[in-house]
Amino acid sequence: MSEREQAMTFEEAKERIAALRAEIEHHTYLYYALDAPEISDAAYDSLLRDLKALEGAFPELDRDDSPTKRVGGYVERQFSPVHHAHRMYSLDNAMDEAELINWMEGIEELYGHLPALCCELKIDGSSIALTYTRGLLTQAATRGDGTTGEDVMANMMGVRDVPKALERSSLEQVADPDVPLELRGEVYMPKSSFEALNLEAEAEGKKPFANPRNAAAGSLRQKDATVTAKRDLATFMYSISDNRALWVKGQWELLEWLKGAGFSVNPDVQLCTTREEVLSFCTACLEKREKLPYEIDGVVVKVNDFALQDTAGFTSRAPKWAIAFKFPPEEKTTRLLGITVQVGRTGALTPVAELEPVAVAGSVVARATLHNEDEVHRKDVRIGDTVIVRKAGDVIPEVLGPVISLRPDDALPWEAPTVCPSCGMPVVREEGESQLRCVSIDCPAQAAERLLHWVSRDAMDIDGMGKEIIGRLVEVGRLSDVADFYSLTEPELASLTTGRVNKEGAAITLGHTVAEKLAAAIDASRTRGFSRVLCGLGIRHIGKNMAAEIAETYPSMDALMEASEEELQQIDGIGERAAASIWAFLRTPDNVSVLERLQAAGVAMAVQARPGQAKPQSLEGLTFVLTGTLTDLRLSRDEAADALKAYGAKVSSSVSKKTSFVVVGDNPGSKYDKAVKLGVPVLDEGQLAAVIDTGQPPVL
Ligand code: AMP
């Protein structure tokens, strides 16, 4: 019993239990019946856990109809009810590694050894039970409350990967052909389809779905089955209601049988025989989570052998032979301590949320961008608020909004600054822009950001030259624009003080080793190429890809200087704004003088002939898009793109109808889904290797 529960009197516990039950019922209804949850899964789970703990501490107050004993879910009246001949259970959860290990210890104790465990992804969708009578699909039902579900047959008929008849050969393993087979799995909506659906909803002024799972559940329970058919649902099947109905001995074999019968079965499965294997499978799944085209919320670990499963049995709501290892929640609440303003290299002012540090999805978040003034007001976040922070994998953390019910009386609305926090000059907001901007030419914050941009990976890639060293060089007056990098000497860098002192109180300098590396990196940057220079200059609206396009049409700074604004607009992908921005940049005397000094310092200001350019332009007119990681080719995506460009091909970052081919590596993103949707031919790494080798378009 926890301290909190121990301190509670019987009456207090009774009251709290009643309140928790009512709260949980309310959220269960919102989630299952309306597909419109108001709180995150993590918050829901923690309410359930609180209730469970209290019921454990006060057994007299425990009840069989408590939500802790039930498989959540509602039966709606608009669909006919379907009684499940075998109950559809939920799963018990392990919220962290310790709980998973604890479960495995229990399993080991039960059997006297650790049996083989089948580990699968926990697909975040909606449960489905498909019944086949003599091989033909005759019924489809949701889980409902586990005993009674809803008949969604008409809707499931429109889900493409559901076989309407089982493969004949698979029937050989059916124990009794006259007994209907009930196969179970998950209906889900791919992330890309969910995004498209919500964009559509937004355009039509409808309420978007909270997440792909609610979108899948909502689509499955549409009154009009033709709507469901348009929704791009898919399935992964993984279980059978009665494991004696097939001549298979365990979960692994069942998955093989399901595949053979024609079902979609998730490929990420592993049969583990040690605890370590299970834990490392979970870690690997967590790492790949973001890259998967569908959502998962954990890993399901199941005792593989059906006979052993039978000896373990079930609790009132879940099998004892399985556990769901839940991934750490991606949404947390924390306090908004303040809003600071960051000045970017183009002078854009960005409000940043300063948060009480909180662990979200495996990392600590203390700051998150609030994008711009409008966004702060739209979200109505106030200093002092409790806010919801979301972080999905590697994605930048985001403040979703405040928890209004927890707002303190003294919460302060944010006021946008009227002057730049770095240089104190008045800020402006241009028409049609959401960003406040400092337009001062002497703003030190902008200067520092411009210098950092010049050394960044996509630009001149000066390895080792980070924020701190740049900051020191600016402070000592040795760096004010990008051309200054090329007059820095190695001895000068070696003796640069870092602003820190050693134990004896002497100033710490960069030293020879660091200085030597930095000097070499600066030197190497002289020949990075013209498009890198163009990108590094930080001209507004000109990023890496646009810089490359420009350099293709105007292969030197001299040629670019000659181009008129109208001519610049003719470059592929360059709009009016970008053209005006380059033109104005090249006509600002201060900028021209920096360019001249760069040229004098030996920085290449023209495209240099590379061996690749002698190649025949045999792929001209073709556009490739690369997605996923290339593993067999020993080339990075950028290198593969360069190899294709050498033959005159274009390499684009987004898939459209004009794309000729999409090359798919490991763990492809949504571009793959889009290619399939648009009917764009897909190449694997082997086919790409052949194209790069021969310079010939692929033979499909
Ligand atoms: P919950 O709804 O959180 O209680 O979790 C249990 C549900 O997880 C089951 O009812 C299934 O719908 C779902 N689930 C997703 N993937 C799997 C899987 N690989 N094995 C078993 N259940 C799964």
Side-chain angles (χ1 to χ4, degrees), residues 24 27-28 31-32 35 37 39-49 52 67-74 84 86-95 99 117-130 140-147 149-150 152 182-189 211-214 216-217 220 233-241 243 250-252 254-255 258-259 263-272 278 281-282 285 289 292 294-304 306 309 314-327 329:
I24 292 169
H27 291 296
T28 310
Y31 181 105
Y32 287 103
D35 297 317
I39 58 172
S40 68
D41 287 9
Y44 180 85
D45 283 347
S46 87
L47 291 176
L48 257 185
R49 291 176 146 240
K52 216 173 183 172
T68 53
K69 311 283 180 307
R70 204 180 46 215
V71 177
Y74 267 82
H84 297 297
H86 295 265
R87 195 169 158 182
M88 284 181 90
Y89 285 91
S90 183
L91 287 169
D92 277 336
N93 294 328
M95 303 308 284
E99 289 190 9
L117 298 170
C118 186
C119 300
E120 302 166 22
L121 298 182
K122 186 167 187 293
I123 313 298
D124 203 4
S126 199
S127 308
I128 191 77
L130 302 172
T142 62
R143 184 175 70 179
D145 63 4
T147 312
E150 300 159 286
V152 286
E182 190 184 314
L183 304 165
R184 295 170 174 179
E186 204 80 357
V187 190
Y188 67 93
M189 184 178 283
N211 52 45
R213 182 198 43 232
N214 292 112
L220 186 60
L233 294 176
T235 57
F236 281 124
M237 301 300 284
Y238 47 72
S239 91
I240 183 162
S241 65
N243 59 36
Q251 178 64 12
W252 185 269
L254 172 66
L255 294 176
L258 286 167
K259 250 189 274 176
F263 292 101
S264 297
V265 172
N266 193 280
D268 280 310
V269 235
Q270 193 176 318
L271 203 54
C272 298
V278 173
F281 180 80
C282 291
C285 292
R289 179 185 198 180
L292 292 172
Y294 44 83
E295 293 228 319
I296 57 171
D297 61 336
V299 167
V300 186
V301 183
K302 303 172 182 172
V303 169
N304 186 56
F306 284 158
Q309 286 186 5
F314 295 81
T315 66
S316 59
R317 69 184 288 276
K320 289 185 189 161
W321 44 264
I323 191 98
F325 171 69
K326 289 268 191 136
F327 290 152

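For ligands, and for the atoms within them, numbers begin at 1 and follow the listed sequence.
In this structure, Glu182 does not pair ionically with Arg143, as no charged nitrogen and carboxylate oxygen lie closer than 4.0 Å. Remark: Glu120 engages Lys302 in a salt bridge, criterion side-chain N to carboxylate O under 4.0 Å. Using a 4.0 Å cut-off between charged side-chain N and carboxylate O, Asp92 and Arg317 make a salt bridge.
Met237 places a side-chain heavy atom less than 4.5 Å from the side chain of Leu130. The shortest distance between side-chain heavy atoms of Ile123 and Thr235 does not fall below 4.5 Å. Under the 4.5 Å side-chain criterion, counting only non-hydrogen atoms from C-beta, Cys285 is not in contact with Phe325. Counting only heavy atoms from C-beta outward, the side chains of Lys326 and Lys122 approach each other to under 4.5 Å. The shortest side-chain heavy-atom distance between Ile323 and Val300 does not fall under the 4.5 Å cut-off.
Counting protein heavy atoms only, atom 13 (C) of ligand 1 is closest to Glu186 OE1, 3.3 Å. When hydrogens are left out, the protein atom nearest atom 10 (O) of ligand 1 is Arg143 NH1, 2.7 Å; that is the closest non-hydrogen contact. Residue, atom and distance of the protein heavy atom nearest to atom 20 (N) of ligand 1 are Lys302 NZ, 2.8 Å. Distance from atom 1 (P) of ligand 1 to its nearest protein heavy atom, with residue and atom name: Ser90 OG, 3.7 Å. Nearest protein heavy-atom neighbour of atom 3 (O) of ligand 1: Lys122 NZ, 3.4 Å. The shortest contact between atom 15 (C) of ligand 1 and any protein heavy atom is with Ile123 O, 3.2 Å. The nearest heavy-atom contact from the protein to atom 11 (C) of ligand 1 is Tyr238 OH, 3.0 Å.
By the 4.0 Å heavy-atom criterion, Arg184 is excluded from the residues contacting ligand 1. Proximity of Asn266 to ligand 1 is not established, as no heavy-atom distance is less than 4.0 Å.
Between Ser127 and ligand 1, a contact under 3.5 Å exists for at least one N or O pair.
Looking at Glu120 against ligand 1, only its side chain comes within 4.0 Å, counting heavy atoms. Heavy atoms of Phe236 found under 4.0 angstrom from ligand 1: none, in either backbone or side chain. Of all the heavy atoms of Met88, none lies under 4.0 Å from any atom of ligand 1, so neither backbone nor side chain is involved. When heavy-atom distances to ligand 1 are checked against a 4.0 Å cut-off, Val300 comes that close only through its side chain, counted from C-beta outward. Neither the backbone nor the side chain of Asn93 comes within contact range of ligand 1; no heavy atom lies under 4.0 Å.
Separation of the Phe236 and Tyr294 ring centroids falls under the 6.0 Å cut-off.
A donor atom on one side chain and an acceptor atom on the other are found under 3.5 Å apart for Glu186 and Tyr238.
The Tyr89 neighbourhood of ligand 1 comprises atoms 10 (O), with distances under 4.0 Å to a heavy atom of that residue. Taking every heavy atom of Leu121 and a limit of under 4.0 angstrom, the matching atoms of ligand 1 come to 16 (N), 18 (C), 19 (N).
Under the rule for a side chain to side chain contact (heavy atoms under 4.5 Å, CB included), the partners of Pro319 that lie at least two apart in sequence or sit in another chain are Tyr89, Leu91, Phe314, Trp321, Ala322.
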